[in-house]
K.L.:
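There's a structure below that I have some questions on.
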Amino acid sequence: MPELPEVETVRRGLTQLVAGSQIKKVDVIYEKMINLPKKPFEDALREKTIEAVDRRGKYLFIRISGGLTIVSHLRMEGKYDVEPEGAPIGKHTHVIFHLADGRQLRYNDTRKFGRMNLVHTGDEMSVAGLRNIGPEPTERDLTVDYMQTIFAKSKKMIKPFLLDQSKIAGLGNIYADEVLWLSKIHPEQPVNLLTLDEIKRLRMNIITEIQKAIAGHGTTVHSYSNAYGEAGSFQNHLNVYGRTNKPCLRCGTPIVKIKLAQRGTHFCPQCQVIHGEENE
DNA sequence: TATTATTCCTGGGCGC
DNA sequence: TGCGCCCAGGAATAAT
């Protein structure tokens with residue numbers, strides 16, 4: 001399931017593979033995938049050029065000549081593949097970009113969760129999820145001050161809080177579990193009761209973990225692969241996600257899986273303990 | 001306003 | 001073998 005590092009890997013792959021390519025025409029096969037009716041979407045992209053691919057959080061911005069941008073979200077299993085013209089079309093291919101050089105950029109998505117919004121460049125904020133998107137999880141953008149401020153204002157549990165893209169951009173279910181384990185914070189801990197020390201620890205783990213994952217070309221779980229078709233290698237580094245009943249790598253206590261806000265949540269009941277303010 | 005629940009999808013795993 | 005059932009989850013949307 002693509003999280004920020006996977007999306008960044010896709011961005012880099014697309015940049016290498018199709019930036020500068022001309023689009024001859026576009027075929028939308030699954031219309032619910034796009035924000036416009038099929039015909040205007042296809043017509044707007046005909047004979048245009050893919051200029052660059054940017055990213056914000058888990059959203060890809062595919063820059064198109066003539067001042068257009070395709071805001072693409074891969075959601076669970078979306079991926080881009082570049083294939084020669086004659087290659088058989090899979091049953092999960094939903095949008096095909098026919099390139100002038102004979103190749104095709106195909107959007108494949110088993111669960112049909114992904115979405116593409118064609119907007120005028122500069123109007124990316126018209127896409128619902130981007131209107132209130134939080135800072136990127138980087139040393140520069142995710143400051144201690146910012147985290148202290150937003151944490152103080154909410155009594156929500158930290159796990160669902162981390163998944164809220166309007167607070168911090170880019171974290172998904174896997175990384176949320178991982179950074180909480182690394183930071184020794186219980187997923188049900190109310191955010192307003194986190195100590196400054198915990199906030200700083202969490203921040204550094206978020207930043208370094210995302211960086212490490214980008215360097216490792218993203219996590220691979222289920223059918224995800226990047227735009228090259230290569231599998232990511234980060235799954236080897238998972239400490240807690242998917243390790244239900246297996247020993248905690250720090251203390252040996254079996255990892256517990258619970259459900260929080262409809263999401264599977266893994267943690268070590270020994271290392272990650274809920275506390276109140278009095279335990280500072 | 002803030003928070004929580006529902007919804008979209010399909011492949012895979014399970015029990016029978 | 002094959003059927004029915006349940007689970008996985010990001011984020012828009014609806015509901016509380």
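Naming convention: chains lettered A, B, ... in sequence-line order (proteins, then strands); numbering from 1 in each chain.
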K.L.:
Within this structure, what is the CD-OG1 distance for the pair A/Glu77 and A/Thr110, rounded to the nearest 0.5 Å?
P.N.:
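Rounded to the nearest 0.5 Å, the CD-OG1 separation comes to 4.0 Å.
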K.L.:
If I take atom CD1 in residue A/Ile258 and atom P in nucleotide C/dC7, what distance separates them, rounded to the nearest angstrom?
P.N.:
16 Å
K.L.:
Given that A/Lys257 and A/Gln165 both sit by DNA chain C, which one's nearest nucleotide is further toward the 5' end?
P.N.:
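Here A/Lys257 is the residue nearer the 5' end.
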K.L.:
Need one value for A/Lys159: base, sugar-phosphate or nothing, where a base atom within 4.0 Å counts as base even if backbone is also close, heavy atoms only.
P.N.:
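The answer is nothing, as A/Lys159 stays clear of every strand by at least 4.0 Å.
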K.L.:
Tell me whether the OP1 or OP2 atom of B/dT3 has a side-chain N or O from A/Ser154 closer than 4.0 Å.
P.N.:
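So the side-chain polar atoms of A/Ser154 do come within 4.0 Å of the phosphate oxygens OP1 or OP2 of B/dT3, strictly under.
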K.L.:
Is the side chain of A/Glu3 donor-acceptor paired with the backbone N or O of A/Ile174 at a distance under 3.5 Å, no angle test?
P.N.:
yes
K.L.:
Does A/Phe161 reach a base, just sugar-phosphate, or nothing at all? Heavy atoms under 4.0 Å.
P.N.:
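Nothing, no nucleic acid heavy atom in range.
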K.L.:
Are A/Leu17 and A/Phe97 connected, step by step, through hydrophobic side chains (Ile, Leu, Val, Met, Phe, Trp, Tyr) whose heavy atoms are closer than 4.5 Å?
P.N.:
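Yes, A/Leu17 and A/Phe97 fall within the same hydrophobic cluster.
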K.L.:
How does each nucleotide of nucleotides 7-15 of chain B score, in 5' to 3' order, for protein heavy atoms under 4.0 Å: base (B), sugar-phosphate only (S), or none (-)?
P.N.:
-BBBS----
K.L.:
Parallel under 30°, tilted from 30 to 60°, perpendicular over 60°: which one fits the rings of A/Tyr59 and A/His73?
P.N.:
perpendicular
K.L.:
Could you state the CG-P distance from A/Leu163 to B/dT3, rounded to the nearest angstrom?
P.N.:
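From A/Leu163 CG to B/dT3 P: 15 Å.
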K.L.:
Quick one: which of B/dT3, C/dA8, C/dA12 gets closest to the side chain of A/Lys259?
P.N.:
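Looking only at side-chain atoms, A/Lys259 lies closest to C/dA8.
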K.L.:
When you measure from the side-chain N and O atoms of A/Lys156 to the phosphate of B/dT1, is any distance below 4.0 Å, counting only OP1 and OP2?
P.N.:
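So the side chain of A/Lys156 is outside the cut-off, no N or O lying under 4.0 Å from OP1 or OP2 of B/dT1.
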K.L.:
Between C/dG9 and A/Tyr175, is there an OP1 or OP2 to side-chain N/O distance shorter than 4.0 Å?
P.N.:
no
K.L.:
Can you tell me the distance, in whole Å, between the CD atom of A/Glu3 and the P atom of C/dG10?
P.N.:
6 Å
K.L.:
For A/Ile168 and C/dA11, give me the distance from atom CD1 to atom P, rounded to whole Å.
P.N.:
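One finds 13 Å between P of C/dA11 and CD1 of A/Ile168, rounded.
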K.L.:
The test is side-chain contact (heavy atoms from CB on, under 4.5 Å); show your working for A/Asn35 and A/Val71 and say whether it passes.
P.N.:
CA-CA 10 Å; A/Asn35 65 326; A/Val71 178; over 6 Å; no
K.L.:
Between A/Arg106 (side chain only) and A/Asp81 (backbone N and O only), is there a donor and an acceptor less than 3.5 Å apart?
P.N.:
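No; zero donor-acceptor contacts below 3.5 Å.
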K.L.:
For A/Glu178 and A/Asn239, indicate whether the former's side chain and the latter's backbone hold a donor-acceptor pair under 3.5 Å.
P.N.:
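The answer is yes, because a donor-acceptor pair under 3.5 Å joins these two groups.
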K.L.:
Roughly how far, to the nearest 0.5 Å, is OG1 of A/Thr121 from CG of A/Leu68?
P.N.:
6.0 Å
K.L.:
Under 3.5 Å, which protein N or O atoms sit close to an N or O of nucleotides 4-6 of chain C? Give each pair with its distance.
P.N.:
none

K.L.:
Through what angle, rounded to 10 degrees, does the axis of the helix from B/dA2-C/dT16 to B/dC16-C/dG2 turn between its ends, using five pairs per end?
P.N.:
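Overall, the helix from B/dA2-C/dT16 to B/dC16-C/dG2 bends by 50° from one end axis to the other.
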K.L.:
With a 4.0 Å cut-off, would you call A/Lys79 and A/Glu6 a salt bridge?
P.N.:
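No, A/Lys79 and A/Glu6 are not salt-bridged.
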K.L.:
Is it true that a side-chain atom of A/Gln189 and a backbone atom of A/His186 form a donor plus acceptor pair closer than 3.5 Å?
P.N.:
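Side chain of A/Gln189 to backbone of A/His186, a donor-acceptor pair under 3.5 Å: no, none is there.
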K.L.:
Would you say A/Lys184 has more than 12 foreign heavy atoms packed within less than 6.0 Å of its NZ?
P.N.:
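Atom NZ in A/Lys184 is not packed in, count stays at 12 or less.
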K.L.:
What is the separation between atom CG on A/Leu260 and atom C1' on C/dG9, rounded to the nearest whole Å?
P.N.:
14 Å
K.L.:
To the nearest Å, give me how far apart CG (A/Leu4) and C1' (C/dA11) are.
P.N.:
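After rounding, the gap between these two atoms is 16 Å.
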K.L.:
In whole angstrom, give the distance that lies between atom OH of A/Tyr241 and atom C1' of C/dG9.
P.N.:
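Those two atoms, OH and C1', are 8 Å apart.
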K.L.:
Can you tell me if A/Tyr80 and A/Ser72 form a side-chain donor-acceptor pair at under 3.5 Å?
P.N.:
yes
K.L.:
Calculate the interatomic distance between A/Lys58 atom NZ and C/dA12 atom C1'; express it in whole Å.
P.N.:
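Nearest whole value for this atom pair: 14 Å.
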